[in-house]
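One structure is given below, encoded as structure tokens.
Within every chain, numbering begins at 1; the chains are lettered A, B, ... in the order of the sequence lines, protein sequences first and strands thereafter. Values below: all heavy atoms of this structure, side chains included; hydrogens, waters and symmetry mates excluded. A quick note: this is a predicted structure, and the numbers were derived from the prediction, not measured.
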Amino acid sequence: MKFEICAKDNKTKARAGEITTDHGKIQTPIFMPVGTAGSVKGVNQRDLIEDVGAQIILGNTYHLYLRPGMETMNLAGGLHKFINWDRPILTDSGGYQVFSLAENRKLKDEGAHFSSHIDGSKHLFTPENIVDIQRIIGADIIMAFDECTPYPCEYNYAKKSMDLTHKWLKRGLKHFDASEPLYGHSQTFFPIVQGSVFKDLRIESAETIVSHNREGYAIGGLSVGEPEQEMYDMIEVVNEILPQDKPRYLMGVGTPVNILEGIARGIDMFDCVMPTRNGRNGMLFTSEGIINIKNVKWKNDFSPIDENGSSFVDLQFSKAYLRHLIIAKEILGAQIASLHNLSFYLWLVTESRKRIIDGSFLSWKNSMIEKLSFRL
RNA sequence: GGGGAGAUACCUAAGUGGCCAACAGGGGCAGACUGUAAAUCUGCUGGCGUACGCCUUCGUAGGUUCGAAUCCUGCUCUCCCCA
């Protein structure tokens, strides 16, 4: 993997860059649609490329390991072939599931014992077998196995959790460096910064992971319920330490405003379920503000979904029609809303990149934030 | 013509003397959702009031009772079976 910075904003920490993988280039800052179980929910691969303009998508180690399972993944020749996607893929390690499925797991030094949310079967994830699984999935970028520290969180727990993530990182990297990709394209391994909302822990964590000298770094354990300002503060603290010449990935973030604020603080990569999940539940993000399409005020509004939108659905269908589809629980409603939101998210980062390059990022960002804080 | 069952809020439907402004679904309205156990979850849904509360409701008109959606009588309507 290669990372090149094309332009730096001179009023903020924002940068425009380009990541090169064996599956093609990614222009940063980038938003990566989440395709947990081998699908970006409600959006097919052709539309992801041709309409949304997705340059890279996510898969999830925990979910793919349980279903369809690694035998099928291996026989398919990896996730790219399995889902017929030849652009880059990043896989999350399952660290987030250690957090979100907490009642089903027990954390030990060796790894995470857990029972499947599907059939209750018992499994053990270790930093080593998480690498093996991600080798079989074959993602271009694979993530360290971490504990996504919950919030709120006592300092002592946050420290213990961070230390565990660091120990797991060391083992994971050792195993990664001693193993080979399976399908002829190269894979890179991103460590993850933890440390909850404690500045000294975040600094310690960032310094620790940087010492392993990898091709990119991620910031985890944010957007888990802490006030947004704390998230921004932690990004600033960590980005002081993460090297300029490596991509920085802020995991699980976020709202359009979060993304703009992240870009302004030097983040290059984002992922979030928000555009798809909230879309399925009737929330639309547009350049004029946020819409709850289920609200009765849209019942007879036959204007386009988003007249400035970049997806074909935006002009093709009316708000009233989309409202009807979502309320009637028609699958098409979820599909249209997901297409719209993902297109908006990709537009947001593409436009940011343009503005960073032409020098108008800061003022544009501020005017966008004002609009995006508004409920239509 | 004879016999039987029933009528509860926007809909379906529980309740058969006080704990009933009335279970539960649906529908409606609003909210939540951040490395997806989510096409999910939460709240409200007779009127007025922020609230304690007050007022009006269980087909309809009367009655019994301290007290009725619940018991009794008349009436209206609906459905089923037999002729």
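- Close to B/A38, at under 4.0 Å from its OP1 or OP2, lies no side-chain N or O of A/Arg280.
- Distance, A/Trp298 CH2 to B/C29 P: 15 Å, rounded to whole Å.
- Picking from B/G28, B/G31, B/A39 the nucleotide with the shortest atom distance to the side chain of A/Lys329 gives B/A39.
- Within the nucleic acid shown, A/Arg67 has no heavy atom closer than 4.0 Å to any nucleic acid atom.
- At the heavy-atom level, A/Asp271 lies under 4.0 Å from the strands shown only through sugar-phosphate atoms.
- Across B/U40, B/C29, B/G35, the shortest atom-to-atom separation from the side chain of A/Val296 is found for B/C29.
- A/Glu261 comes within 4.0 angstrom of nothing in the nucleic acid, heavy atoms only.
- At a cut-off of 3.5 Å, with distance as the only test, a side-chain donor of A/Asp200 or A/Tyr155 sits close to an acceptor on the other residue.
- Nearest-nucleotide positions on RNA chain B place A/Gly220 closer to the 5' end than the other of A/Ile331 and A/Gly220.
- The separation of B/G2 from B/G46, taken at their C1' atoms, amounts to 42 Å, rounded to a whole angstrom.
- Nucleotide B/A39 holds its P atom 12 Å from the CD1 atom of A/Ile326, rounded to whole Å.
- Base pairing annotation: B/U12 forms a Watson-Crick or G-U wobble pair with B/A24, both donor-acceptor distances under 3.5 Å.
- Using a 4.0 Å heavy-atom distance criterion, A/Glu330 is classed as making no nucleic acid contact.
- When both pairing distances are held under 3.5 Å, B/G49 makes no Watson-Crick or G-U pair with any nucleotide shown.
- In this structure, the NZ atom of A/Lys294 is 12 Å from the P atom of B/A39, given to the nearest Å.
- If you check B/G35, B/A32, B/C29 against the side chain of A/Arg323, the one that comes closest is B/C29.
- Judged by the 6.0 Å distance and 45° axis criteria, A/Arg214 is not positioned over the aromatic ring of A/Phe190.
- The pair A/Asp268-A/Arg15 meets the salt-bridge criterion, with a side-chain N (NZ, NE, NH1 or NH2) lying under 4.0 Å from an Asp/Glu carboxylate O.
- Side-chain contact, A/Asp86 with A/His80: no donor N or O sits under 3.5 Å from an acceptor N or O.
- In this structure, B/U78 and B/A5 make a Watson-Crick or G-U wobble pair, each of the two defining distances being under 3.5 angstrom.
- Not one side-chain nitrogen or oxygen of A/Ser223 sits closer than 4.0 Å to the OP1 or OP2 atom of B/U34.
- Residue A/Glu226 is out of contact with every strand shown, counting any heavy-atom pair closer than 4.0 Å.
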Worked verdict on A/Phe361 versus A/Arg353 for side-chain contact (heavy atoms from CB on, under 4.5 Å): CA-CA 8 Å; A/Phe361 176 70; A/Arg353 188 173 199 278; over 6 Å; no
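- A/Leu222 comes within 4.0 angstrom of no nucleic acid atom, judged by non-hydrogen atoms across all strands.
- When the C1' atom of B/U34 is taken as reference, atom CD1 of A/Ile267 falls 14 Å away, rounded to whole Å.
- Distance CZ (A/Phe145) to P (B/G35): 17 Å, rounded to an integer number of Å.
- Look at CG on A/Asn341: it is 15 Å from C1' on B/U36, rounded to the nearest Å.
- When the C1' atom of B/G35 is taken as reference, atom CD of A/Gln194 falls 10 Å away, rounded to whole Å.
- In the displayed structure, A/Glu110 atom CD is contacted under 6.0 Å by more than 12 heavy atoms of other residues, nucleotides or ligands.
- Listed candidates were B/A37, B/G28, B/U36. Nearest to the side chain of A/Asn104 is B/A37.
- Across all strands shown, B/G63 is found opposite B/C71 as a Watson-Crick or G-U wobble partner, with both distances under 3.5 Å.
- Nucleic acid contact class of A/Leu332 (heavy atoms, under 4.0 Å, all strands): none.
- Using a 4.0 Å cut-off between charged side-chain N and carboxylate O, A/Lys297 and A/Asp301 make no salt bridge.
- If you check B/C29 for Watson-Crick or wobble pairing at under 3.5 angstrom, you find it paired to B/G43.
- At the heavy-atom level, A/Gly95 lies nowhere under 4.0 Å from the strands shown.
- Contacts of A/Asn295 with the nucleic acid, taken as non-hydrogen atoms under 4.0 Å apart, involve only primed sugar atoms and P, OP1 or OP2.
- The side chain of A/Asn281 has B/A32 as its nearest neighbour among B/A30, B/A32, B/G35.
- Comparing B/U34, B/A37, B/G35 by their closest approach to the side chain of A/Thr255 singles out B/U34.
- Spacing of C1' atoms, B/U64 relative to B/A21, comes out at 25 Å, to the nearest Å.
- Computed from coordinates, the A/Ile219 CD1 to B/G35 C1' distance equals 13 Å when rounded to whole Å.
- Taking 4.0 angstrom as the limit, A/Gln97 places none of its side-chain polar atoms (N or O) nearer than this to OP1 or OP2 of B/G35.
- The side chain of A/Ile192 lies closest to B/G35, out of B/A39, B/A37, B/G35.
- Look at A/Lys25 and A/Glu4 and you find no salt bridge, because none of the NZ, NE, NH1 or NH2 atoms lies under 4.0 Å from a carboxylate O.
- Counting atom types as modelled, A/Ser100 pairs no side-chain N or O with a base atom of B/U36 as donor and acceptor under 3.5 Å.
- Ring centers of A/His117 and A/His63: under 6.0 Å apart, within the cut-off.
- Comparing the P positions of B/C75 and B/G67 gives a spacing of 27 Å, expressed to the nearest Å.
- Using P as the reference atom, B/G74 and B/A9 are 25 Å apart when rounded to the nearest Å.
- Contact check, A/Arg375 against B/A32: a side-chain N or O comes under 4.0 Å of OP1 or OP2.
- For A/Val34, taking side-chain heavy atoms from C-beta onward, the closest of the listed nucleotides B/G31, B/U34, B/U36 is B/U36.
- Spacing of P atoms, B/A68 relative to B/G63, comes out at 12 Å, to the nearest Å.
- Counting atom types as modelled, A/Asn292 pairs no side-chain N or O with a base atom of B/G31 as donor and acceptor under 3.5 Å.
- Rounded to whole Å, the separation between the P atoms of B/C81 and B/G31 comes to 50 Å.
- Taking atom C1' in both B/C41 and B/U50, one finds a spacing of 27 Å when rounded to whole Å.
- When the side-chain nitrogen and oxygen atoms of A/Asn60 are compared with OP1 and OP2 of B/G35, none of them lie within a distance under 4.0 Å.
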